[in-house]
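A note on names: the letters A, B, ... follow the listed sequences, proteins ahead of strands, and every chain is numbered from 1. Small disclaimer: the values here were computed from a predicted structure and weren't measured.
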There are 2 protein chains.
Amino acid sequence: MSERKVTSLDVARRAGVSQSAVSRVFSGASASPKTISKVRKAAEHLGYRPNPLARAMITGKSKIIGLVVAYLDNQFYPLALERLSNSLQDHGYHVLVFMAPNDQEAVEKVVHDLMDYQVAGIITASVGMTNDLTQRCANAGIPVVMFNRGQDGGGISSVTSANVAGGGRIADFLVAGGHKRIAHIAGWEGSSTGRDRARGFVDGLAAHDMEPMAVIDGYFDREIAAQATRDIMSGPRPADAIFVGNDHMAFAVMDTLRGEMGLSVPDDVSVVGYDDVPLAAWAAYDLTTLRQPLNRMVEATVDTLLGQITDPERPSQKIEIEGPLILRASAKIPKGYTK
Amino acid sequence: MSERKVTSLDVARRAGVSQSAVSRVFSGASASPKTISKVRKAAEHLGYRPNPLARAMITGKSKIIGLVVAYLDNQFYPLALERLSNSLQDHGYHVLVFMAPNDQEAVEKVVHDLMDYQVAGIITASVGMTNDLTQRCANAGIPVVMFNRGQDGGGISSVTSANVAGGGRIADFLVAGGHKRIAHIAGWEGSSTGRDRARGFVDGLAAHDMEPMAVIDGYFDREIAAQATRDIMSGPRPADAIFVGNDHMAFAVMDTLRGEMGLSVPDDVSVVGYDDVPLAAWAAYDLTTLRQPLNRMVEATVDTLLGQITDPERPSQKIEIEGPLILRASAKIPKGYTK
DNA sequence: TAAATGCGTGCAAACGTATGCAAGGAGTCT
DNA sequence: AGACTCCTTGCATACGTTTGCACGCATTTA
């Protein structure tokens, strides 16, 4: 029972001004230097802090950002969550977490919850049912930014890495490595990320007059990726290189190749991933992968979202950020490529 | 601009009752069946949903749980976050994320933010500055549950696994495996979790008239654990077994042993971890480890917290949950132990 | 039958802030 | 010097809900 609630009215009385004056000082509206100083002093003395809930009720917008996220077992997303939360905290916002729903009914509930809390904005990180969810929130006038997912249609902002270009760079890299039978275990085809990487990759091979030996949808799932690996490698003419749609699956692929099939990476087969999660750098995998520049992606996401909150008229943006190919030991390094 | 805000007053008018009647129906207070049905029908027709912010303002308690979390790179915590969020969502609560601060000043800010949002309760997951933070929130009358951390002092609830017992079980296991020079790279000594596991382990060895060859604080940090590994293994008489304070460090230890020192696990040295994160089961590590039963820990945490929210008089609880030792390939399996 | 009991309901006052409006004061321009 | 503009300030209201209070009505008890 230490501190009792102290309100703007208490501050006003002590400072000898009206409650509205206090409100104006703390909401950044105009006020004379003298008033500001009186109010600040009184507020500090009393330990006053504006009540964000009351504020939200009046303005209709809370300082809360809804973060809708699907999986947390792919290391990329916890890190994104961490960075996003930190960055938003620096800007005076906080992150309310929503685990992304699987069925339609749950989507309904999440959308409602988001609106109930009058979130100022929404970030969706790799959500399956993006279309429905984001569209409805955007229609309700809530700024939405899709993180690590794009969308062709409506005017919804998104921040991704340059997935098509990245896929192409990996194609170049594997061709330069002298690989002849190159397979692709793709990210989920239902996601722009999966599609774009696959497209860039296939087009990249085509530029060298080559075709992928196989393209299999791995659904961003370890088990499915493992099965795809078995399918690809068990025939009479197995692949000599595999581009995997993200690191998370790539680890499963390497586990399957080495642990289960007794193959050597990269001697028997090169493996390349996408993301460059920290785990990719660990000795057990040492995975060659295309880095998604997490910090810059987070920065762009926060900038875009806050911009759209500040100015609702601002048009939506689709931001793509280039990342470098990180050369490690899981894939043959062609001449001319250097660590 | 689809749906306009619909308030309890709108519902009241349509149902032909007073606004308070509507409130009572939705807040579970007493009302006649007839009123309830009228109100529900009107509410459904209008698509009414009570405004949680307004509710919070009046009652002084929001349906928000503050989750203070330090690191998200140890896979254990993202999963805990996921499960906690899901479980709390099922109970009508939502999770507001706070990244745990490093310096004193930031703690101050987090504490204030938590109180500003009038969170109904707080869960701290492996936070360093727990004492300060939790004590102050608890003093303010906000229920706090520490997840995966205990505290000897004050009356703050905590949920952990049976760390002392677990450390002991691992001692028994390694002794049974015939190991003679057993080292421990401990969890951070500043955490109850780290201390308890170390104590259980050392006491367990003592019961066999043995002493650890070395006990080094790894601070739950990969790099520090790696350096400890070098220290332990580079002398004339290296360890033949290492118990590592959590899986996250154990992976670094294995990376160092195999990748850097060219040693074989478990032929040259057995490694045992603690947590059983999903990664521990992957072929690249196949880590023998003591499982922390995440689901049950989450369940206990939510139960305890909600219980304390419902009944503020309820005394604090310190819950310990036993987990099994998961036998895999990173440590010699003694006779009598079976997968 | 009169009094006592109980539940269901409406009224009105909160909760803590933002903001339109009008009034006051200081400063500028003609 | 007077009129005009601009900035500051206080008053009062609104945001959407919960809840204490009092009243009405139906039911029970003596």
query: Counting side-chain heavy atoms from CB outward, which of dT18(D), dT8(D), dG16(C) is closest to Ile58(B)?
result: dT18(D)

query: For the helix from dT1(C)-dA30(D) to dT30(C)-dA1(D), what is the angle between the axes at its two ends, each from 5 pairs, rounded to 10°?
result: 40°

- prompt: Roughly how far, to the nearest 0.5 Å, is the CG atom of Leu114(A) from the CG atom of Leu96(A)?
  reply: 8.0 Å

- prompt: Which is it for Arg149(B) and Thr193(B) under the side chain to side chain donor-acceptor pair (under 3.5 Å) test, yes or no, and what are the steps along the way?
  reply: CA-CA 6 Å; Arg149(B) 284 289 184 278; Thr193(B) 308; 3.1 Å; yes

Residue-level proximity of residues 16-24 of chain B to DNA chain C when a heavy atom falls under 4.0 Å: Val17(B), Ser18(B), Ser20(B), Ala21(B), Arg24(B)

- prompt: Counting only N and O atoms by type, is there a donor-acceptor contact under 3.5 Å from the side chain of Thr310(A) to the main-chain atoms of Leu306(A)?
  reply: yes

- prompt: For Ile321(B) and Ala300(B), which heavy atoms make the closest approach, and how far apart are they?
  reply: CD1-CB, 4.0 Å

task: Let me know the distance between CZ of Arg13(B) and P of dT9(C), rounded to the nearest Å.
output: 19 Å

message: Judged by each residue's nearest nucleotide on DNA chain D, which is more toward the 5′ side, Ser27(B) or Ser30(A)?
response: Ser30(A)

field: Under 3.5 Å donor-acceptor, Lys318(B) side chain and Ile156(B) backbone
entry: yes

message: Let's see if you can work this out: which of dC15(C), dT8(D), dC15(D) has an atom nearest to the side-chain heavy atoms of Ser32(A)?
response: dT8(D)

- request: Check the distance between dG16(C)'s C1' and Asn51(A)'s CG and give it to me in whole angstrom.
  value: 6 Å

query: Taking atom C1' of dT9(D) as reference, at what distance in whole Å does atom CD1 of Ile36(A) sit?
result: 13 Å

statement: Closest non-hydrogen contact found for Thr35(A) with Ala21(A) is CG2-CB, 4.2 Å

message: Measure NZ/Lys61(A) against P/dC15(D) and give the value in whole Å, please.
response: 16 Å

Leu9(B) CG to dT18(D) C1', straight-line distance once rounded to whole Å: 14 Å

- prompt: In terms of heavy-atom contacts, does NZ of Lys41(A) have more than 12 from other residues, nucleotides or ligands at under 6.0 Å?
  reply: no

field: Whole angstrom value for the distance that separates P of dC15(D) from CG of Asp116(A)
entry: 18 Å

query: Between Tyr48(A) and Arg40(A), is there a cation-pi geometry (under 6.0 Å to ring centre, at most 45° from the normal)?
result: no

query: Does a nitrogen or oxygen in the side chain of Ser8(A) sit under 4.0 Å from OP1 or OP2 of dT17(C)?
result: yes

message: Counting only side-chain heavy atoms from C-beta out, which of dT8(D), dC15(D), dT17(C) sits nearest to Met57(A)?
response: dC15(D)

- prompt: Is a donor on one side and an acceptor on the other found under 3.5 Å between the side chain of Ser157(A) and the backbone of Gln317(A)?
  reply: yes

Nearest-angstrom distance from the residue atom NZ of Lys63(B) to C1' of dT18(D): 14 Å

- prompt: Which of these nucleotides, dT9(D), dT19(D), dG8(C), is closest to any side-chain atom of Thr59(B)?
  reply: dT19(D)

message: Using whole Å, what does the distance between atom P of nucleotide dG16(C) and atom CD of Gln118(B) come to?
response: 8 Å

